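Following: one structure in structure tokens, then a few remarks.
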Amino acid sequence: MSIRSKILAGCMALTVLTGVLGGYAQRAERELGALAFRIYDDAFMGVSYLRSAQVGFASLAEAGRNGSLQPAAVSAVLEDLDVARDRAMSPAGRNAAESLSRTIRSVVGRGGQTLAGPDVLAVQAQFEQAVETFADDGFRYRRSVGALVAAQVRRTSVVVGVTVLIALSITVLLTQMIAPPVRRAVRIAQLIAAGQLDNAISVTGRGETAELLRALSIMQGSIVQALARIQGLMNQQATHHAGELAAQHARLEAALGNMNQGLCLFGADGRLAVANRRFVEMFGEPEPEALAETVLRNAGLHMLLESGRDGAVAALSCELPDGRSIAVSQQAVASGGWVATYEDISERRATEGRLAHMARHDPLTGLPNRLLFSERMQQTLARARRGDGIAVLCLDLDRFKTVNDTLGHAAGDALLRAVTERLRQCTRETDLVVRFGGDEFVIVQEKASQPTDATALARRLVEMLGQAFDIDQQEVVIGVSIGIALSMDGLETPDALLKRADLALYRAKDDGRGTFRFFEREMDAAMQARRTLEIDLRKALAEEQFELYYQPLVQTGGIAGFEALLRWHHPTRGLVSPAEFIPVAEEIGLIGVIGAWVMSRACIDAAGWPGALKVAVNLSPAQFRTRSLAEDAAHALSTSGLAATRLELEITESVLIQDEAAVLDSLHALRAMGIRIAMDDFGTGYSSLSYLRRFPFDKIKIDQSFVKGIEDQEDSRTIVRAVIGLGRSLGIAVNAEGVETAEQLAALRAEGCGEIQGYLFSKPKPVQEIADLLLRFGNSTTPAAARPEQVPRDPAHADKVASLVAEA
């Protein structure tokens with residue numbers, strides 16, 4: 001039987017014993033519980049009910065003396081006596097309870113509503129005797145129960161003792177069956193581990209112990225055989241040892257001969273003991289002594305001798321007279337002398353030099369880049385602190401993008417190389433010329449009389465770079481804008497100087513191409529103000545700081561619609577002019593989001609206006625670059641429910657210049673929805689008539705610069721007359737904006753202008769005041785968006801406006 005089976009059988013036997021013992025204990029517990037319940041139910045409850053009847057009879061006796069004996073009370077006493085009789089534990093107890101019941105019935109039957117004193121005493125005496133009888137019965141029963149409990153405890157002790165003896169017997173039997181064979185196997189394993197391999201191992205029976213002894217016997221035999229084979233191999237190895245040493249020496253010679261590094265071993269006397277083929281190739285001396293002299297003289301090995309005497313590896317690099325760079329590594333050997341390796345790193349050094357140059361220079365022009373600029377500027381500023389003033393010039397090529405787009409990137413690269421040559425011609429050897437990327441260059445001028453020398457250099461640069469370039473047999477003309485920052489004490493950082501020069505460049509480009517500007521403190525303040533405006537502008541839309549004002553579009557008979565004009569109510573600056581923030585929004589890419597909001601808000605407001613009143617919304621050229629203008633318009637119309645024919649979008653001629661095909665596609669998509677398209681500021685561009693031929697506009701708006709001169713300037717009146725006639729001929733509506741005087745209105749009326757807007761009629765008003773404007777101009781229906789009572793009316797102004805409309 002296996003060890004597992006033996007342990008399992010023992011555990012099962014112990015489990016059965018435990019179950020038998022538990023069953024016996026459970027039975028004894030049930031018997032004792034039954035006795036306890038009987039004691040309670042019969043002995044204690046019987047006495048309890050007898051006492052209750054006794055108390056009830058005492059109450060009857062009191063009532064009997066008063067002549068108020070109640071039948072219900074008598075019945076309760078008799079019921080308690082019946083229960084006590086049923087729970088009596090002996091015939092004497094039952095007889096006593098029955099006798100009491102008969103006596104009480106007899107006494108109560110004779111007295112009617114009263115009880116005689118002698119009868120009460122007799123009954124109470126009988127009660128006391130019955131109580132003693134019940135108590136004696138309980139005492140006798142408890143004594144018998146105690147005897148039963150004692151007997152049960154003795155039986156349980158015997159059963160527990162027998163069970164413990166059986167369990168101990170099973171444990172001893174298992175131990176005798178398992179432990180001795182295991183101890184024998186352990187002792188044999190310990191002898192084998194100690195090297196004793198002649199142990200007698202007898203295997204009998206079956207099971208794990210027998211298998212373990214059998215495995216130990218096999219292992220002992222295998223070890224004996226293996227030792228015999230090892231001894232034989234050692235004898236064979238001793239025989240072939242000399243030949244193996246020779247082969248090993250040959251392999252070592254081959255390894256040394258094929259190393260990429262030169263290797264040599266010098267003895268304690270300083271003479272060369274071993275040198276490989278690569279060493280001879282590197283130094284070209286045939287004799288060992290000559291080789292040693294060459295190494296000591298040329299490779300600088302004598303510098304390594306002292307540093308390597310303690311056994312540590314010493315290394316250096318040195319330049320040979322023939323221009324080669326050699327890396328030497330040397331280490332002392334225990335027997336005296338040293339071993340050294342030599343590697344030709346000339347090509348690696350050249351590659352590292354090229355990479356270092358590429359990391360700090362522009363690959364196209366060969367000029368220093370930003371990294372080298374930062375490194376050199378630290379040194380330049382240090383010299384400036386000793387009294388040498390410096391100037392930093394930021395250059396941006398004018399019209400370079402046009403050359404790149406029209407002639408291609410190859411021509412653009414050639415132009416940049418040509419610009420680099422001219423920059424070198426204009427600067428001194430001590431000046432630093434840097435390319436920052438694209439068409440941006442920086443020149444650092446030091447050791448010069450400032451600002452005179454910086455001004456002279458800037459003028460030379462503007463003149464030289466303004467002359468024509470010959471690029472791929474084509475004449476290319478560009479220009480340059482320059483910003484200049486000066487440092488007289490060198491206390492600025494490179495970034496600060498570069499930022500100042502960049503700000504000056506920004507101002508120079510604003511002034512016009514081919515100019516230069518010096519940095520001024522006001523430029524930094526202006527840039528900071530612009531940066532603050534950018535930050536505030538990004539928050540304005542999210543915080544609902546924008547609002548639309550509306551200026552009426554007046555025709556004969558009243559208002560035909562309104563032009564939506566954006567207003568920004570800044571929380572601290574108040575009302576910010578659109579001329580100030582719209583260019584910034586276009587530059588930082590927010591105009592698309594703001595324009596979509598304006599269109600949506602205008603459509604929602606116009607949806608509450610009466611009749612067919614239209615709303616005009618100005619579009620920025622930058623909105624066409626987002627490629628989502630048509631989707632924004634469709635969303636605004638669907639969200640507001642406004643009819644597309646009531647929406648009019650106004651564009652300027654500059655929109656068509658940027659990407660004519662894409663812009664025309666967007667305009668046709670808008671027209672396909674039913675939206676009206678108007679050209680704003682007509683007449684101020686250089687190709688207005690060609691645009692009218694390319695796209696059928698619904699309206700053209702005469703720029704207010706012509707309206708202002710219509711009263712006293714014949715050329716302005718002629719232009720207005722021509723535009724109105726052109727619109728009439730092409731079937732295009734004409735609007736005159738910026739009308740401020742009655743004389744301008746009369747002149748426009750005389751020329752037949754159909755639609756007019758301007759301060760003469762009304763300044764732009766918030767949406768809440770539109771209802772009042774409609775009433776003032778005689779429109780018959782009040783808009784749903786606002787009631788007329790919301791805005792106070794000026795009767796005199798209303799009359800004046802009404803008369804002007806009538807004249808128009």
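Keep in mind it's a predicted model, so treat the numbers as computed, not measured. What you see below is based on every heavy atom in this structure, not just the backbone, and it leaves out hydrogens, waters and symmetry mates.
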Check the pair Asp344 / Arg278 against side chain to side chain contact (heavy atoms under 4.5 Å, CB included), numbers first and verdict last.
-> CA-CA 10 Å; Asp344 190 341; Arg278 178 59 179 155; 4.0 Å; yes
Validation: residues 91-99 side-chain donor-acceptor distances under 3.5 Å, sequence neighbours left out:
| residue | atom | partner | partner atom | Å |
| --- | --- | --- | --- | --- |
| Asn95 | ND2 | Pro91 | O | 3.2 |
| Ser99 | OG | Gln126 | NE2 | 2.4 |

Starting from the C-alpha separation in whole Å, work towards a yes-or-no answer on side chain to side chain contact (heavy atoms under 4.5 Å, CB included) for Thr163 and Val20.
-> CA-CA 9 Å; Thr163 303; Val20 170; over 6 Å; no
Within the structure provided, determine whether [X] and [Y] are in side-chain contact (heavy-atom separation under 4.5 Å).
X: Pro494; Y: Gln378; answer: yes
X: Gln545; Y: Pro571; answer: yes
X: Gln331; Y: Thr341; answer: no
X: Gln330; Y: Val339; answer: no
X: Tyr342; Y: Ser329; answer: no
X: Val328; Y: Ile326; answer: yes
X: Leu537; Y: Phe546; answer: yes

Separation between [atom1] of [X] and [atom2] of [Y], rounded to the nearest 0.5 Å:
X: Ile345; Y: Thr351; atom1: CD1; atom2: OG1; result: 11.5 Å
X: Ser374; Y: Asp495; atom1: OG; atom2: CG; result: 6.5 Å
X: Asp536; Y: Thr572; atom1: CG; atom2: OG1; result: 6.5 Å
X: His357; Y: Arg354; atom1: NE2; atom2: CZ; result: 12.0 Å
X: Leu263; Y: Glu343; atom1: CG; atom2: CD; result: 12.5 Å
X: Arg601; Y: Glu544; atom1: CZ; atom2: CD; result: 9.5 Å

Check [X] against [Y] and note the closest heavy-atom contact, atom names and distance.
X: Asn369; Y: Met358; result: ND2-O, 4.3 Å
X: Ser640; Y: Ala636; result: OG-O, 2.8 Å
X: Leu78; Y: Ser101; result: CD2-O, 4.0 Å
X: Val77; Y: Ala53; result: CG1-O, 3.7 Å

So with a 6.0 Å cut-off around CD of Gln129, is the heavy-atom count from everything else above 12?
-> no
Does Glu543 CD have over 12 foreign heavy atoms under 6.0 Å away?
-> yes
What residues form a ring-ring contact (aromatic ring centres under 6.0 Å, His included) with Tyr49, not counting sequence neighbours?
-> none
Keeping to residues at least two apart or across chains, list the side chain to side chain donor-acceptor pair (under 3.5 Å) pairs with something in residues 73-84.
-> Ser52-Asp80
Okay, side chain of Asp632, backbone of His635: is any donor-acceptor separation there less than 3.5 Å?
-> no
State whether the side chain of Thr493 and the backbone N or O of Ala496 hold a donor-acceptor pair below 3.5 Å, judged by distance alone.
-> yes
Show your reasoning for whether side chain to side chain contact (heavy atoms under 4.5 Å, CB included) applies to Ile604 and Ser600.
-> CA-CA 6 Å; Ile604 292 172; Ser600 178; 4.0 Å; yes
